Amino acid sequence: MSLLEELSGIVGAAFAAEGFPSELGTVQPSDRPDLAQFQCNGALTAAKQAKANPRAVAEKIAARLKANPVFSKVEIAGPGFINLDLSDESLVERMRTLAADERLGAPRKGEGKTAVLDFGGANVAKPMHVGHLRSAIIGDTLQRLFRANGWNVVSDVHLGDWGLQMGQLISEIGRRGIAPIYFDPHYQGEYPAQSPVTMDDLEELYPAASAACKADPKRLEEARAATAELQAGRAGYRVLWQHFVNVSEAGLTREYGSLGVRFDLWNGEASVECLIGPMIQDLKARGLATESEGALVIPVAEPADKKEMPPLILVKSDGAVLYGTTDLATIIDRVRTSGPDLILYVVDQRQHTHFEQVFRAARKAGYSGKAQLEHAGFGTMNGPDGKPFKTRAGGVMKLYDLIAMATEEADKRLVEAGLATEYPEDERNDIARKVGIAALRFADLSSHRVSDYVFDLARFTRFEGRTGPYLQYAAVRMRSILNKAEEAGLESALKVAPSTPEERTLILQLLALPNAMAGAEHNRAPNILCDYVFSLAQIFSRFYTAHHIMSEQNRALQLTRLALVAATLGVLSKVLAILGIEVPARM
RNA sequence: GGUUCCGUAGCUCAAUGGAUAGAGCAUCUGCCUUCGAAGCAGAGGGUUGCAGGUUCGAGUCCUGCCGGGACCGCCA
């Protein structure tokens, strides 16, 4: 139980004893730290409901709370706020509990529950670009957070491998005559085991095919036909397609890995191919899917809709299926194999309507089981001009190049600061890489999920201010103190209660970890964790400046403060790990 | 045109219906012969796009308007 839950329970009991709903006892950190540590606003609501004087209600509640030794102060302020301070003894007791808990008080919100997280969404045969960055980073952080909160998580990269881009690529290869054997409809023998194209080839072929289809409707028609044939099972196309998938996966694994992103499943749209036919039969048989303008659709509009809700298209008039079809079949697959309580899609906000359609269709057909279906959308990463990020040449920047840029920039900053200059080259490169990734990840995660943000590498890689590198530095500094103490033979221990404002503020922030983790989960909002951890680092810096530990003469005080440093490092490391930020041993 | 998200300090961004709207950057003033100054202490900077409404209380909820992004049946 978190501190806030504990306090809310105590205050809630006081409300209940006065005949009010106990929910009114909700306690929150004070908006006015100069006045109190915590506050409860329930007396205002209670007074409204009972048509009573709010201060009078607050007085009754406060009278009951004053009897509880956990509080050192119970005051009524303003229109009826109840302000609370904890006794120093209560604070240190709760710190001891936290320090002894290997989970550091992480909430158990997800125990016994399973969540499928769908993020990544890279496309086979297309290079990963900056557009894939946010899904990967936000999704990965949510999977780490959900696991930390006790959820059983199944993450799925859900590759884009069954749509029109496959037909575009196949027809491009056919036109160029690169591998004619796959296009011979009469060929009966074995196909080569070796892929006719490399990843580099694909990176050149796809943009060319895409541009050609855009420019020429007939060319697009060809791509559509190839897509439909692939899906219909044309042998040569299938084998060729498998080559694309194999070649791509190796590259994608490396790119996601360089960001620290891992997936449990490398499924794709095509993984549910065998479910699509039966699903369509089922939907037709039950009258849920109907013909419309030559296509097969599921109407998902509802009478209460304010907005126009187009039907979900299952099968195009040319016989090919779309990603809405595979998304729907994927729900069936996930419900069968994982039995999830939640399926969370971390995908671009622009696809919100699409997911609304798919979710409605799934519920209508009864495919979603007990799973709550939810789209956690996010905004775009923009360039300095406020438009989606492009390279200087105006093209789409590859993720690989972006990471290289960040690492290079981080290295430049290390040189400027004269840091790590005398370290072995391997270690130095490793530090630059960790700092670069930290800069990228923290910048992306700290802006609110649904809003767009401006990409500014120089700002992200700074060591000052609200950045990933600053947090790494803070952690390294804490470790440095602990190392010094260890060399001096000091063993940290929470011997005495806090006695200074810096100590109390630090303890309160440490005890607030479960609330940050629960809040971030509830809102699917990593920026809550970023706020929390940056604030923790700042509070620690004040503590560190105010109290010089190694020269402290009072041994009990010294060991207690060392224990606070150790606890802070523990909490900081835990949150950074959730954010996917690695802390170097030294910098 | 319809729907939807957004509009907060010079810039980049926060703020479960609560008290005096907060951080970082930038600007200015102090603090390194003591644990890593990538830091700390302090200052200036705001009619929360505009106008109404609900509420004891609104950046937050409702209505209208202004401005921007996104989406609106066979792309993903």
Side-chain angles (χ1 to χ4, degrees), chain A residues 26 28 30-32 34-35 39 41 44-45 47-48 54 77-81 83 121 123 126 160 162-165 168 210 213 220 223-224 227 269 292-297 305-318 320-324 347-354 357 377 379-380 382 386-388 413-414 416-417 419 443 446-448 450-454 456 459 462-467 469-470 472-474 476-478 480-485 488 519 522-523 527-528 530-531 534-535 537-538 541-542 544-552 562 565 586-587:
Chain A
T26 302
Q28 56 181 286
S30 178
D31 290 331
R32 293 282 306 271
D34 53 318
L35 298 181
Q39 68 185 60
N41 303 337
L44 295 165
T45 312
K48 190 189 227 169
F81 299 109
N83 284 341
N123 293 304
K126 286 164 75 172
W162 208 230
L164 181 63
Q165 79 270 24
Q168 289 176 323
S210 172
C213 289
L220 180 61
R224 285 199 173 126
T227 307
E269 295 161 345
S292 169
E293 299 171 33
L296 187 71
V297 305
D305 284 344
K306 271 193 190 164
K307 59 182 172 185
E308 211 177 316
M309 184 59 69
L312 182 72
I313 299 179
L314 292 172
V315 184
K316 295 196 287 182
S317 44
D318 67 6
V321 297
L322 293 108
Y323 77 131
V347 181
D348 194 315
Q349 183 65 24
R350 286 175 289 196
Q351 295 190 36
H352 193 73
T353 307
H354 164 74
Q357 291 175 289
T380 56
N382 294 338
K387 294 188 177 145
R413 295 304 167 97
L414 289 172
E416 279 168 20
L419 276 175
S446 60
S447 69
H448 190 80
V450 297
S451 50
D452 301 340
Y453 75 101
V454 176
D456 180 346
R459 181 157 63 79
R462 293 177 100 115
F463 290 94
E464 313 89 16
R466 210 172 184 283
T467 67
Y470 164 86
Q472 290 174 310
Y473 172 74
V476 167
R477 207 166 49 162
M478 288 172 207
S480 172
I481 298 171
L482 295 173
N483 288 342
K484 278 211 163 58
H522 183 257
N523 296 304
N527 67 301
I528 291 176
C530 294
D531 284 345
F534 180 67
S535 180
Q538 279 189 311
S541 276
R542 286 177 207 134
Y544 165 90
T545 304
H547 306 308
H548 196 277
I549 295 172
M550 292 312 288
S551 63
E552 176 58 52
L562 270 177
V565 176
R586 55 177 188 170
M587 290 173 82

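Source: prediction; values computed, not measured. Lettering follows sequence order; numbering is per chain, from 1.
Both cation-pi conditions hold for A/Arg477 and A/Tyr544: the charged atom is under 6.0 angstrom from the six-membered ring centre and inside a 45 degree cone around its axis.
Between B/C11 and B/G53, the two P atoms lie 31 Å apart (nearest whole Å). Across the C1' atoms, B/G57 and B/A21 are found 15 Å apart, a figure rounded to whole Å. Taking atom P on both nucleotides, B/U55 is separated from B/G1 by 34 Å, rounded to a whole Å. Here, B/G67 and B/C28 have their C1' atoms 35 Å apart, quoted to the whole Å. Remark: the separation of the P atoms in B/A41 and B/C25 is 12 Å, to the nearest Å. When the P atom is compared between B/G17 and B/C66, the two are found 29 Å apart, to the nearest whole Å. Of the P atoms belonging to B/U29 and B/C35, the separation is 27 Å, rounded to the nearest Å. Taking the P atom of each, B/G73 and B/G68 are spaced 23 Å apart, rounded to whole Å.
Nucleic acid contact class of A/Ser480 (heavy atoms, under 4.0 Å, all strands): base. Among the heavy atoms of the strands lying under 4.0 Å from A/Tyr544 is at least one base atom, whether or not backbone atoms are also near. In this structure, A/Leu322 reaches the sugar-phosphate backbone alone: every heavy-atom distance under 4.0 Å involves primed, P, OP1 or OP2 atoms, never a base.
At a cut-off of 3.5 Å, with distance as the only test, no side-chain donor of A/Ser451 or A/His448 sits close to an acceptor on the other residue. Side-chain contact, A/Ser480 with A/Arg586: no donor N or O sits under 3.5 Å from an acceptor N or O.
With hydrogens and angles left out, the side chain of A/Gln39 and the base of B/A19 share a donor-acceptor pair within 3.5 Å. Scanning atom types as modelled, no donor and acceptor separated by under 3.5 angstrom connect the side chain of A/Gln349 and the base of B/U4. For B/A19, the base has a donor-acceptor partner in the side chain of A/Asn83 [N/O atoms by modelled type, under 3.5 angstrom].
In this structure B/U3 sits in a base pair with B/A70, meeting the Watson-Crick or G-U test at under 3.5 Å. In a base pair of the Watson-Crick type (N1 to N3 plus N6-O4 or O6-N4) or a G-U wobble (N1-O2 and O6-N3), with each distance short of 3.5 Å, B/C35 is matched with no nucleotide. In this structure, B/G24 and B/C11 make a Watson-Crick or G-U wobble pair, each of the two defining distances being under 3.5 angstrom. B/C50 and B/G64 make up a base pair, with Watson-Crick or G-U wobble contacts both under 3.5 Å. Across all strands shown, B/G30 forms a Watson-Crick or G-U wobble pair, both distances under 3.5 Å, with B/C40.
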Task: Candidate pair A/Glu552 and A/His548, rule side-chain contact (heavy atoms from CB on, under 4.5 Å), full reasoning - done: CA-CA 6 Å; A/Glu552 176 58 52; A/His548 196 277; over 6 Å; no
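Both A/His547 and A/Ala474 sit near RNA chain B, but only A/His547 has its closest nucleotide nearer the 5' end.
In this structure the side chain of A/Ile528 reaches within 4.5 angstrom of the side chain of A/Asn523, judged on heavy atoms.
Taking atom CG on A/Asp31 and atom P on B/G59, their separation rounds to 13 Å, with Å as the unit.
For A/His548 and B/C35, the ring-to-base geometry satisfies the stacking test (centroid distance below 5.5 Å, interplanar angle below 30°).
For A/Arg462, no side-chain nitrogen or oxygen approaches OP1 or OP2 of B/G39 to under 4.0 Å.
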